[in-house]
Each structure stands twice: as structure tokens, then as C-alpha cells.
2 protein chains.
Amino acid sequence: MGLETDDVRQNDGRTRELDAFDRKLLGLLVEDATRSYAELGEQVGLSAPAVHERVKRLKRTGAIRQTAALINPAAVQKTLLAFVHVDTSGWGKTPELLAIGKYPEVEEMHSVAGDTCMLLKVRTKDSRALEGLLARIYDVPGVIRTRSYVVLSTHMERPVQPANTSEWPAPRQHAPPPQR
Amino acid sequence: MGLETDDVRQNDGRTRELDAFDRKLLGLLVEDATRSYAELGEQVGLSAPAVHERVKRLKRTGAIRQTAALINPAAVQKTLLAFVHVDTSGWGKTPELLAIGKYPEVEEMHSVAGDTCMLLKVRTKDSRALEGLLARIYDVPGVIRTRSYVVLSTHMERPVQPANTSEWPAPRQHAPPPQR
DNA sequence: CCTGAAAAACGTAGTGA
DNA sequence: TCACTACGTTTTTCAGG
């Protein structure tokens, strides 16, 4: 009578394909999640309750992970943005290394393929705070070196898009890439 | 009687410091922007209208840039995540290079200091789509080479935090990094 | 999936500290 | 200036078809 692992399969966010309505709703909600169901409805051609039902399902299945307020980093004194490559001896990915994801300065933490092991996106108040974080990273056993790419200017930064949101350069009717 | 540029100064998002209430509200809204003003009020110890007033100001001043639905990349077939370093001859940052931020696959685009010029965060359906994007990048005049770091697993990814959200490991009073 | 109605939340006053 | 109380309106939500 317990909940078996297989039972959750459909909540993984990759089952139950999304139709055109769902994708359209996602696009609208990514842009502005404060829109009313009524407005969403008339945008996609559905009634408000129908929209509500779909959005609820999108949240339940995990297609919508959360709806968040995106705040201006400058407003909270997080002026410095940097990407930090972390190289380790051996297979890295130790619990100690993963634990540095707990620091509030770390916004992203990925294992990557390439000439480095781990990649961090880090936002701090200033260079001094970044230095402090790097010091803590070097304290982790196995860490050999780090390479930091300090961001000089951010030209674009947006959340995950459901599909082609911004204007798509070539308006030819979704033609597949040319292959001969 | 026109609106001079100086008049908008206070809407830049860095003026008018945030007090403890504002920061607390930001933290709650980053977690879940669907909370009602009443709930926010009792969380921070304010009445609902007062909260509404503050949130409205936070949006007006740009501290809250937008409230968005964060969607699961897998749900929209964006399985592959990669960070692409773009090296250019000379000072790069040409209009043609900046234009590749228009592609929907590109989520972030930063000028960085370091051994590379531009850094992209890119999300595509598969490696073939990434290849297509790289081809378009190489078409940009001035682009010498690219280095791609394909993400194997994402251990953490969260929006901009107003302050220390997660539990703070070392409660020693912000000790400076050891230097000898 | 749509139409209608109950319930709750929102937004705008006006009032006082 | 800022926060609280009260009220009109919209939105959300649940019923039935």
C-alpha cells in the first residue's frame, strides 16, 4: 500500500507531452506569472477554468518548478558576478565539494565535461567577498585550482524558455536545417 | 516640463535602501511569488496593505524585475545545457556578436575578464542543436574559437537570492580569508 | 472543455499615529 | 511619512452541463 517509486514516474516532468496550449501558457507565464487566468485564457483561446486546470497540472507534473520573483542583483548589493571553474584531483564530486553549493553566493553548480570538473556561477557583493569564497573552495580537499571569469557586463539573462520566445531571425516556416 | 534623465534616477533599483522588511519580503517572493499579501504580512509582521505598498514599490524601483514561472527544462525538451566561451580577435563585442543573444537557445550572455571574451549559457534539445548554434557563432566575423563546457549534471540552480537564504555553514563572524 | 455562482483575495480608498 | 481598518471590485474556484 506504500507509494512505490514507479508510481511517481508521471510526476517527473518529462511524461505527458505538452500540447500547443501548454507551451503557449508556459511562454506567457515565464514572461509574467502575475497574469490572471482570464487573460491567459483569451490569449490562448481557452476559458479561465480550463487554463487553471492546465496550469495546475503543469505545476503538479513539475513542468513549472516554481514561480519566483526575479530580483535585481544591484538592489541587494550583489554587484559582482563570476563563473568559477574548479579543477580537482581525481573524480572530484565529493560530498565536501558539493557542500559548497550551500553557500548563498553560489547560484549554480554543475559538473561539466571539458578541461575542468565543476563550474560555479557565483554572485557576491564585491571582489573581496569573491576572494573569501575562493578561499573556502580551496579548503576543500582535492581542489587543485580554480579559474574565475569575472563578468564585466551582462548583455542578456533570462529564465528557461519553452521555445522560440524572442524574434526568430529567419521567418521561413520552421524549415528544418538544410541538409544535402 | 519634459522628463529629464536625472528624474528617473530613483527608479534605477539601487537608490532607496531596502530595510529588513523589504529583504524579508524579497526572500519570500523569490521562493514563491504566488503567496498572498496576507500571508506575506503575517510572515514579516505587517498588514496586507502595507505589504502591498512595499511590493509595489519594489517593482516600481526595479528591485523586482519580473515575476516568472521557472520551468523544468526537461519538460520542454531542452535536455542539453552548455557554457560556451567565445574568443574573438580584438575587442569583440561587435553588434554581430551581441546579436547571437537573440537566439532562443541562449539564456545568458556576458562579457568576461579572463582568457576569453564572451561567455554564453546555452540550452538546447540535443548535441546536434548545439552544433548548429556553434556553427552560427563561428559565422560571426571576428570569432576565432569557442570552448564548450557541456553540463553532465546540475547540482544546484536557483534565482538571485537577496541574502543568505540557505543555512549558513560557518557562523564565525565573517572572518577574512587566510592570507600570509 | 465551457457556463454560471460562491468564496476569497486583491486594490483603493479614508483615518490615525 | 507610514501603517492600519473598511469597502468595492476583481479574481479564483467549484459546481453542473
Side-chain angles (χ1 to χ4, degrees), chain A residues 10-11 13 15-72 75-77 159 162-163, chain B residues 3 6-72 75-76 159 162-163:
Chain A
Q10 70 183 21
N11 289 351
T15 39
R16 237 220 210 90
E17 308 198 350
L18 308 178
D19 60 9
F21 284 129
D22 291 324
R23 278 191 296 270
K24 221 163 181 175
L25 288 173
L26 283 180
L28 292 169
L29 289 174
V30 166
E31 262 186 15
D32 181 6
T34 68
R35 278 190 246 251
S36 71
Y37 291 134
E39 184 192 342
L40 293 171
E42 69 182 37
Q43 292 269 353
V44 303
L46 253 57
S47 72
V51 171
H52 178 241
E53 192 58 38
R54 282 174 176 269
V55 172
K56 215 167 57 181
R57 195 182 67 213
L58 288 172
K59 288 180 179 172
R60 183 170 42 80
T61 60
I64 296 179
R65 291 193 316 188
Q66 68 170 326
T67 109
L70 305 188
I71 69 184
N72 183 352
V76 290
Q77 256 72 44
Chain B
L3 186 68
D6 279 350
D7 297 331
V8 214
R9 182 71 54 83
Q10 69 184 19
N11 289 350
D12 279 3
R14 61 180 186 280
T15 38
R16 237 220 213 93
E17 306 199 353
L18 308 178
D19 59 11
F21 284 129
D22 291 323
R23 277 191 297 271
K24 221 164 182 176
L25 288 174
L26 283 178
L28 292 169
L29 289 174
V30 166
E31 263 186 16
D32 181 6
T34 69
R35 277 191 247 251
S36 72
Y37 293 132
E39 184 192 341
L40 293 171
E42 69 182 37
Q43 293 268 352
V44 303
L46 253 58
S47 73
V51 171
H52 177 241
E53 193 59 39
R54 283 172 176 269
V55 172
K56 217 167 56 179
R57 194 181 67 212
L58 288 173
K59 288 181 179 173
R60 183 169 43 79
T61 59
I64 296 180
R65 288 194 317 189
Q66 67 169 327
T67 109
L70 305 187
I71 70 185
N72 183 351
V76 291

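Letters go in sequence order (proteins before strands), and every chain restarts at 1. Both backbone and side-chain heavy atoms feed into the values below; hydrogens, waters and symmetry mates do not.
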Could you state the atom-to-atom distance from [atom1] of [X] to [atom2] of [N] in whole Å?
X      : N       : atom1 : atom2 : value
D19(B) : dT1(D)  : CG    : C1'   : 13 Å
E39(A) : dT10(D) : CD    : P     : 15 Å
L40(A) : dT13(D) : CG    : P     : 13 Å
E42(A) : dT11(D) : CD    : C1'   : 14 Å

Quick check: do P159(B) and Q66(A) have side-chain heavy atoms less than 4.5 Å from each other?
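A side-chain contact under 4.5 Å exists here.
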
Distance-minimising heavy-atom pair for R35(A) and L28(A)
NH2-O, 3.2 Å

Return the nearest nucleotide to the side chain of S36(A); candidates are dC4(D), dT11(D), dC2(C).
dT11(D)

Which nucleotide sits closest to the side chain of R54(B): dC1(C), dA9(C), dA3(D)?
dA3(D)

Report each atom pair, protein N/O against N/O of nucleotides 11-13 of chain C, whose distance is under 3.5 angstrom.
from	atom 1	to	atom 2	distance (Å)
dG11(C)	OP2	H52(B)	NE2	3.1

Out of D19(A), L18(A), I64(A), L40(A), which one pairs with L25(A) under the side chain to side chain contact (heavy atoms under 4.5 Å, CB included) rule?
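Filter result, single survivor: L40(A).
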
Just how large is the angle between the end axes of the helix from dC1(C)-dG17(D) to dA17(C)-dT1(D), five pairs per end, to 10 degrees?
30°

Every protein N/O within reach of nucleotides 14-16 of chain C N/O, cut-off under 3.5 Å:
none

